[in-house]
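In what follows, every chain begins at residue 1, and chains take the letters A, B, ... in the order their sequences are listed.
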Protein chains: 2
Amino acid sequence: MCYTWSMEKTLLQSSAHSVLIARCYSRDVLDLIADKWIALIFALLEKHPTRFNELQRAIEGISHKMLTQTLRNLERRGIVERKIIPTIPPAVEYSLSSLGTTLIPLMAALRQWAEEHMEEVEQAFQAYEEREEKA
Amino acid sequence: MCYTWSMEKTLLQSSAHSVLIARCYSRDVLDLIADKWIALIFALLEKHPTRFNELQRAIEGISHKMLTQTLRNLERRGIVERKIIPTIPPAVEYSLSSLGTTLIPLMAALRQWAEEHMEEVEQAFQAYEEREEKA
DNA sequence: CAGAATCCATAACGATACTG
DNA sequence: CAGTATCGTTATGGATTCTG
């Protein structure tokens with residue numbers, strides 16, 4: 001295991017964070033959670049357990065494959081739980097684990113920032129393009 | 001422009017968020033900010049303006065190309081500012097714009113979650129693998 | 001030092017078809 | 001309905017080289 005930020009600060013008097021260390025597992029975790037599809041999946045799961053097709057219908061533009069893949073990843077990492085309801089045809093319900101619920105505020109904040117600042121970002125982008133054309 | 005969540009809620013009595021709409025620009029913004037390299041770059045820039053090579057040295061494992069690309073993206077979207085200091089050889093300093101600073105808490109939270117929960121995630125992953133082997 | 005540009009491997013993704 | 005598997009395309013990212 002790699003050393004954490006607090007350990008490093010104490011032991012080495014350095015200000016480096018462990019996510020800055022390439023081989024630290026926290027880097028993989030960061031890579032896992034810094035993902036737009038997860039932020040969108042959370043928009044649904046934070047409210048109530050949701051079925052596969054319900055998720056796909058709600059999240060416009062996500063492919064069957066990406067949704068399966070992302071859900072499987074989250075399940076493997078202990079962030080979502082998968083419950084099979086033995087009906088015919090079978091239904092599968094996804095929900096947040098207790099670890100997953102600790103991510104709710106973060107994921108909500110990502111979505112919110114995107115929605116709140118989309119105009120600003122769009123304007124900055126257009127302004128940049130205009131500046132480029134002049135140059 | 002697409003309609004926002006609040007507009008939709010008011011107009012359509014729907015609970016859909018605008019990030020859930022594929023063509024809404026907020027989706028692009030979400031895609032922009034849900035990125036591990038950005039979270040890591042913020043770890044440096046939130047403290048003080050930083051030069052290109054300083055960033056690359058601090059962020060282990062980021063390639064020259066990815067760093068340029070990510071910084072250029074952030075600059076275009078008005079999140080970071082680029083200041084050329086006319087020395088020989090030239091120095092370039094990156095810093096957060098006022099829009100960029102509004103992202104500081106979010107990016108810090110992503111890094112922190114990753115560091116704080118890496119053991120839990122790792123254990124969940126191993127437990128999952130063991131369960132799979134049995135099956 | 002900063003960065004643009006090229007080439008190349010491979011990983012991501014979407015579409016499709018097939019199973020319990 | 002949920003999920004897996006395969007295929008083909010596009011996008012991503014790294015290594016390298018070249019410039020002000």
Using whole Å, what does the distance between atom [atom2] of nucleotide [N] and atom [atom1] of [X] come to?
X: A:Arg72; N: D:dA5; atom1: CZ; atom2: C1'; result: 14 Å
X: A:Ile88; N: D:dC1; atom1: CD1; atom2: C1'; result: 12 Å
X: B:Asn73; N: D:dT12; atom1: CG; atom2: C1'; result: 13 Å
X: A:Leu71; N: C:dC13; atom1: CG; atom2: C1'; result: 16 Å
X: A:Glu75; N: D:dT4; atom1: CD; atom2: C1'; result: 15 Å
X: B:Arg82; N: C:dA4; atom1: CZ; atom2: C1'; result: 11 Å
X: A:Lys83; N: D:dA2; atom1: NZ; atom2: P; result: 14 Å
X: B:Lys36; N: C:dA12; atom1: NZ; atom2: P; result: 10 Å

Which heavy atom in [X] sits nearest to a heavy atom in [Y], and how many Å separate them?
X: B:Gln56; Y: B:Ile62; answer: NE2-O, 3.5 Å
X: B:Trp37; Y: B:Glu60; answer: CZ3-O, 4.4 Å
X: A:Leu30; Y: B:Ala114; answer: N-CB, 3.7 Å

Q: Return the nearest nucleotide to the side chain of B:Arg51; candidates are C:dA4, D:dA2, C:dC1.
A: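 Minimum distance to the B:Arg51 side chain belongs to C:dC1.
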
Q | Options C:dG3, C:dC1, D:dG3, nucleotide nearest the side-chain atoms of B:Asn53 | A |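 For B:Asn53, the side-chain atoms sit closest to C:dC1.
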
Q: Report yes or no: does B:Arg82 contribute a side-chain atom to a donor-acceptor pair with the main-chain N or O of B:Tyr94 at less than 3.5 Å?
A: no

**Q.** B:Phe125 six-ring face occupied by A:Arg76 cation (under 6.0 Å, within 45°)
**A.** no

**Q.** Nearest-0.5 Å distance that lies between atom CZ in B:Arg27 and atom CG in B:Leu32
**A.** 14.5 Å

(Q) Does C:dC1 have its OP1 or OP2 closer than 4.0 Å to a side-chain nitrogen or oxygen of B:Tyr94? (A) no

Q) Quick one: what's the B/S/- string for nucleotides 13-20 of chain D, heavy-atom cutoff under 4.0 Å, read 5' to 3'? A) BBB----B

Q | NZ/NE/NH1/NH2 to OD/OE distance under 4.0 Å, A:Glu75 and A:Arg72 | A | yes

